[in-house]
Structure formats: C-alpha cells, structure tokens
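Residue numbers run from 1 in the order of the sequence given. Both backbone and side-chain heavy atoms feed into the values below; hydrogens, waters and symmetry mates do not.
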Amino acid sequence: MTPAELSRTVLRSVRGAVDDDELSVPVPTRIAVRPPRRAGCGDYASNVALQLAKDAGRPPREVAEILRRRLAGSAGIARVEIAGPGFLNFTLGGGARAALVREIRAAGARYGEQRRGAGEAVAGAPVSRGPVPDAPLHRGARGLVVAEALGRIVAAAGGGRPRDAAAAPEAVRECAGLVARLGEDEARWALLRPAARDAVRLPERPEQRERNPRFRVQYAYAGTQALVRQARDLGFAPEAGETATSTGETTSAGTPMPTGTGTDAAAAEPAAQELLTLLATYPAAVESAARLRAPDRLVRHLEATADAVPGWCEECPPLPVGEEKPSAVHRGRLALAEATGTVLANGLRLLGISTPDYL
C-alpha cells in the first residue's frame, strides 16, 4: 500500500462512518498521512481524528477508535493503533515496499505530480490553482530563477500553469553572469537552496566534491544509473519485490531467505526504510514547496534522499558480491535503486537542473 492508497483508505473509513451515522461530520476532501516523527510508531500516521473531533462533538480518541475499528483488517494494513490525544498510527502489511517501488516505476517522470479527480484524497494539502506569482522577497537573478522553478513545481502539484513573465534586463544579465562563473546547475542550486528569508551564499567556483550538496544529489542519481547498467552487464534486471534478507535461514539453494516486508523488513534494514520513506514523501515535498512557494523545501528533500543512498547501498548491496549469484533480493534492490533515480531526476528537472547519467 502506497501513501496515496492509504490516504484513500482512511477517507473511505470516514465516509463509511458518516453513512452509518457513527459520525456526524462533513466528509473531508483529503486525508493527510505522513511518516511518524518518532521511530516505533508504525509506518505512517494521521491526525484526522483530531481534525474531525470538534464537528463530531466527541473526544478525539473516541473518533479515532471509530475509525480504527473500520480500518482494522483493511487490505495492506497490518495494524492500526491510537497514540497520544488521538493520532492514528498505521503499520503496513507485507508488500508495502514493493508496491511503492512499483508505483514509482510505473509513474516514471509523472511520479510526484498531483492528478486529482472528484473526491480523490491526496497525502498533502491543497495548492492554489491561480497563476504563480513573482517571488515577493526576491529580486534580480534569484527572483528570476525562483519564479521559474516555482512555475514548474506549482504545475506539478496541480496548481496553476506557469505564466510567461517579462524578466527585468538587470536580472537576466545578473543570471547570465552567475552562469558564466559557476555553470548553470551550480548557479541555480545556489539561488534555490536558501529559505526565503535567508541570504544566498554563492561559492567561489563549482565543486565536484561530496561537501557540495548539488554534486551529492547529481552523483546519487548517476550512481543509480550505474547500478542499472552494471546489473544489465551481469544479466539481470530490476523487479519490485523483497529487498531484505534474514541473517539465518536459507533457501533450498543455499541463498538467504527473504524476510517479510513491513515492520520485519524495516527492522532488518533501517537504511532501506529511511530511503523508502523519503521516496514515499516526495509528492508531499513537491506539494509543500508549491503551497508555501518555497523551492528550498524540494531542494532539501532531494538532499536528504541523496544522502540516504550510500548508507543503503552499504547495508543492502544491490549487486551480487564475489561469487554470489543474482537473486530475487538483488532484483528488488535494483528496482529500489531505479525508483530512487526516478525521484531524484524528477526533482532535479522541476528545479531546472541537469540529470547526468555519468559523473
């Protein structure tokens, strides 16, 4: 079950409770589900019960219990628990990891875009469909680059299409000077990375080193493409499935027995779970960047995703090591690498930054 599917499942439970007169509340148009802030609280959490409690005239935990009973046993959900004042914590069942990877690979360049139909729930907040305004806090090259990136981001989040705006000649000249000095990718990243009220810190020169976050993101993307090429040379291809192996049991062929997915897999491979969570929340990062008119939100999500890749590759090698034969686990991990590359590429394209296959 993906975050979007979970969001729709929770929305159906609310609608069902209203139809059966268990709750007397307006049915929301969306249900937000996000990874919990603390470890050990399931895979996703929602505050929907707290949002409905006032209209329902009931304590939030009572509303949460009504929804918990309806959600228990739903396909793809292993466990639903109530936490704190009325949060719903969800632990997904087997296949959740593979379902997310399949969704990303199927959507490809469209993953992260919001295409809403009537009554469809999304795991985020609504975005204005009006024209994208010029960045109010920025002038010059920064204002030009931020407005251009926001046009793409807001459109991807389901808001208004970017409008053509006449750029001031001074801004164009300043931007051209920065590109000539730093290169287009470095100049854009430097202008987009700071939060709205933070000053831009321009580097002296572009650096192809790990301490440069722009390089780390592009390098992580190039690394995913290299893994797919190397796997092709070894004669196997990505296939969404198990990515975790146990430490003891083996199959009849002598290879490690895959663990279950969901909580077991997350415990076995925390680096993989961190990476999967970042991939799952990429659409919410796009939506947040659009709603707040803050491309730095997307920049930092890409940085976090890229920074999670080396630890995952070390913990869960996507390619066979030594005399090891390619297995279903390797195919599953390769599919995760490919999905990671898709997310990084999609985000970089929204920012107007290149996606080199080789670095």
Side-chain angles (χ1 to χ4, degrees), residues 1-97 99-100 103 114 116-127 260-267 270 273-274 276-288 291-292 301:
M1 175 174 284
T2 66
E5 290 169 342
L6 177 59
S7 176
R8 289 191 288 269
T9 299
V10 179
L11 180 59
R12 284 194 296 270
S13 75
V14 174
R15 188 176 291 117
V18 171
D19 290 344
D20 292 343
D21 294 326
E22 288 188 280
L23 290 175
S24 179
V25 297
V27 177
T29 57
R30 65 179 185 89
I31 302 290
V33 294
R34 302 187 185 279
R37 295 181 178 179
R38 293 188 301 168
C41 295
D43 297 308
Y44 293 97
S46 177
N47 65 349
V48 61
L50 283 78
Q51 294 176 336
L52 299 177
K54 183 177 180 180
D55 287 336
R58 299 187 182 189
R61 287 186 66 93
E62 188 175 319
V63 176
E65 176 58 26
I66 292 171
L67 299 179
R68 188 199 67 77
R69 288 197 303 266
R70 288 182 164 271
L71 289 162
S74 297
I77 299 177
R79 188 166 63 251
V80 185
E81 297 172 306
I82 301 173
F87 291 99
L88 287 170
N89 290 344
F90 303 94
T91 298
L92 302 186
R97 289 178 159 200
L100 173 62
E103 179 192 15
Q114 299 293 345
R116 302 173 193 169
E120 180 181 356
V122 296
V127 176
T261 52
T263 304
D264 293 341
Q273 186 59 36
E274 178 187 4
L276 283 155
T277 297
L278 288 162
L279 301 188
T281 53
Y282 168 76
V286 173
E287 198 168 46
S288 175
R291 175 168 44 87
L292 300 174
H301 192 89

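A search for side chain to side chain contact (heavy atoms under 4.5 Å, CB included) contacts involving Glu65 returns Arg68, Arg69, Ile82, not counting sequence neighbours. For Arg12, there are no salt bridge (charged side-chain N to carboxylate O under 4.0 Å, His left out) partners at least two apart in sequence or on another chain. By the salt bridge (charged side-chain N to carboxylate O under 4.0 Å, His left out) test, Asp19 is found to be paired with no residue, residues two or more places apart in sequence or in another chain being considered. Ser74 is linked by a side chain to side chain donor-acceptor pair (under 3.5 Å) to nothing, counting only residues two or more places apart in sequence or in another chain.
Interatomic distance, Thr9 OG1 to Ile77 CD1, rounded to the nearest 0.5 Å: 5.5 Å. Between the OG1 atom of Thr277 and the CZ atom of Arg34 there is a distance of 13.5 Å, given to the nearest 0.5 Å. Put simply, OG1 on Thr29 and CG on Leu11 are 8.5 Å apart, with the number rounded to the nearest 0.5 Å. Taken from CD in Glu274 to CG in Leu279, the straight-line distance is 10.5 Å, to the nearest 0.5 Å. Summarising the geometry, atom CZ belonging to Phe87 is positioned 9.0 Å from atom OG belonging to Ser46; distances are rounded to the nearest 0.5 Å. Here the CG atom belonging to Leu52 is positioned 6.5 Å from the CG atom belonging to Leu67, to the nearest 0.5 angstrom.
Side-chain atoms of Ser288 do not come within 3.5 Å of backbone N or O of Ala285 as any donor-acceptor pair. Listed for the Arg61 side chain is a donor-acceptor partner under 3.5 Å among the backbone atoms of Gly84. Judged by distance alone, with hydrogens and angles left aside, the side-chain atoms of Ser7 form a donor-acceptor pair with the main-chain N or O of Ile31 at under 3.5 Å.
Pro60 approaches Ala49 most closely through the heavy-atom pair O-CB, 3.6 Å. Here the shortest heavy-atom pairing between Tyr44 and Pro35 reads CD2-N, 3.7 Å. Between Leu50 and Pro85 the shortest heavy-atom distance is CD2-CG, 4.0 Å. Here the shortest heavy-atom pairing between Leu88 and Ala64 reads CD2-O, 3.7 Å. Closest of all the heavy-atom pairs between Gly16 and Arg70 is O-NH2, 3.3 Å. For the pair Ala83 and Asn89, the tightest heavy-atom approach, listed with the atom from each and the gap, is CB-ND2, 3.4 Å.
Residue pairs satisfying the salt bridge (Lys or Arg N to Asp or Glu O under 4.0 Å) criterion with at least one member in residues 49-59, sequence neighbours excluded, are listed as follows: Arg58-Glu62.
Contact of the Pro28 side chain with the Val14 side chain is registered, since non-hydrogen atoms from C-beta on lie closer than 4.5 Å.
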For this session: Using the side chain to side chain contact (heavy atoms under 4.5 Å, CB included) rule, take Arg79 and Phe90 through it: C-alpha gap first, then chi angles, then the decisive distance, then the call.
Result: CA-CA 6 Å; Arg79 188 166 63 251; Phe90 303 94; over 6 Å; no
Problem set entry | Glu5/Glu103 under side chain to side chain contact (heavy atoms under 4.5 Å, CB included): CA gap, chis, key distance, verdict | CA-CA 11 Å; Glu5 290 169 342; Glu103 179 192 15; over 6 Å; no
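Taking 4.0 Å as the cut-off between side-chain N and carboxylate O, Asp43 and Arg97 do not count as a salt-bridged pair.
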